[in-house]
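Since the structure comes first, as structure tokens, the remarks are kept for the end.
Worth knowing before you read on, the calculation uses all heavy atoms, side chains too, and leaves out hydrogens, waters and symmetry mates. These numbers come from a predicted model, not from an experiment. Every chain is numbered from 1, with letters handed out A, B, ... down the list of sequences.
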2 protein chains.
Amino acid sequence: MAAQQTCYCPVDDLLDLLAKEYTLAIIGLLADGGTKRHSEIADALSVNSSSAFADRLSALTEAGLLERTSYDEVPPHVEYSLTTRGREFERRLRPLLQWVTQETG
Amino acid sequence: MAAQQTCYCPVDDLLDLLAKEYTLAIIGLLADGGTKRHSEIADALSVNSSSAFADRLSALTEAGLLERTSYDEVPPHVEYSLTTRGREFERRLRPLLQWVTQETG
DNA sequence: CGGGATCCTAATTGATACTG
DNA sequence: CAGTATCAATTAGGATCCCG
């Protein structure tokens with residue numbers, strides 16, 4: 001299994017990530033191209049495991065799907081949004097999810 | 001989270017399944033519409049955990065993506081192929097996977 | 001041959017507490 | 001506020017044995 005230069009992470013890794021809690025919800029929440037704070041996202045998702053949630057945010061960022069912007073302020077202020085890659089990914093994911101939930105096929 | 005009549009399994013369940021070992025490989029192996037025996041698939045996938053592998057086959061069957069055909073013979077003979085639903089699913093999955101591996105976007 | 005049952009180990013999650 | 005650290009509880013995976 002050779003790593004490809006053109007790919008941020010292998011298929012299986014990305015699927016693992018997708019299947020974990022919060023991941024899909026985070027992508028869905030930012031799908032409109034908007035930017036949201038850590039706490040906004042956590043709030044909207046009724047997160048109850050802050051460590052798992054933080055894991056997802058950083059994993060998605062490392063995968064190149066999320067962009068993380070932190071402002072040097074007190075208190076801290078960090079925002080997340082989908083990257084171009086993230087939006088492209090979401091676009092390709094959507095038909096699959098719609099089919100699974102609606103069985104429109 | 002209400003179950004929908006039209007859907008064999010909720011999104012999260014299917015994603016969980018997809019992220020587990022062998023699942024994606026099984027779907028990929030049968031993507032051409034062919035039919036293969038349990039042992040053929042296991043062989044092609046270099047399976048080393050027969051229990052996990054059997055779990056995937058039955059989970060995919062329960063999800064309505066695989067069709068299981070067993071012949072009343074000794075020794076037993078069981079074949080698997082993608083259902084119509086399974087092929088439709090694979091079709092919608094493919095662009096996503098291709099993008100992830102090739103970054104053609 | 002196909003696969004269920006069991007036992008054990010490794011990885012994830014959930015919850016709580018803590019820090020810059 | 002945005003995480004990190006920690007630990008108990010779940011869950012997945014690997015190996016083995018056995019049955020129809």
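If A:D16 and A:P75 are placed on DNA chain C by their nearest nucleotide, the residue sitting closer to the 5' end is A:D16.
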Determine, step by step, whether A:E88 and A:R91 satisfy the salt bridge (Lys or Arg N to Asp or Glu O under 4.0 Å) criterion, reporting the C-alpha distance in whole Å, the side-chain angles of both residues, the deciding distance to 0.1 Å, and the verdict. CA-CA 5 Å; A:E88 178 66 21; A:R91 269 198 357 177; 3.4 Å; yes
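Using a 4.0 Å heavy-atom criterion, one finds that B:S70 contacts no nucleic acid atom at all. Using a 4.0 Å heavy-atom criterion, one finds that A:S51 contacts the bases of the nucleic acid, with or without backbone contacts as well. At a threshold of 4.0 angstrom between heavy atoms, the contacts of A:E21 are confined to the sugar-phosphate backbone, with no base atom among them. Nucleic acid contact for B:S49: base, since at least one base atom lies under 4.0 Å from a heavy atom of the residue. Heavy atoms of A:Y71 sit nowhere under 4.0 angstrom from any nucleic acid atom.
For the pair A:D72 CG and D:dG3 C1', the interatomic distance rounds to 15 Å; values are reported in whole Å. Regarding A:Y22, its OH atom lies at a distance of 15 Å from the C1' atom of D:dG3, rounded to whole Å. B:L57 places its CG atom 13 Å from the P atom of D:dG13, with the value rounded to the nearest Å. We find that CG of B:D55 is positioned 14 Å from P of C:dT6, with the value rounded to whole Å.
In this structure, B:W99 and A:F89 have tilted ring planes: the angle between them lies in the 30° to 60° band.
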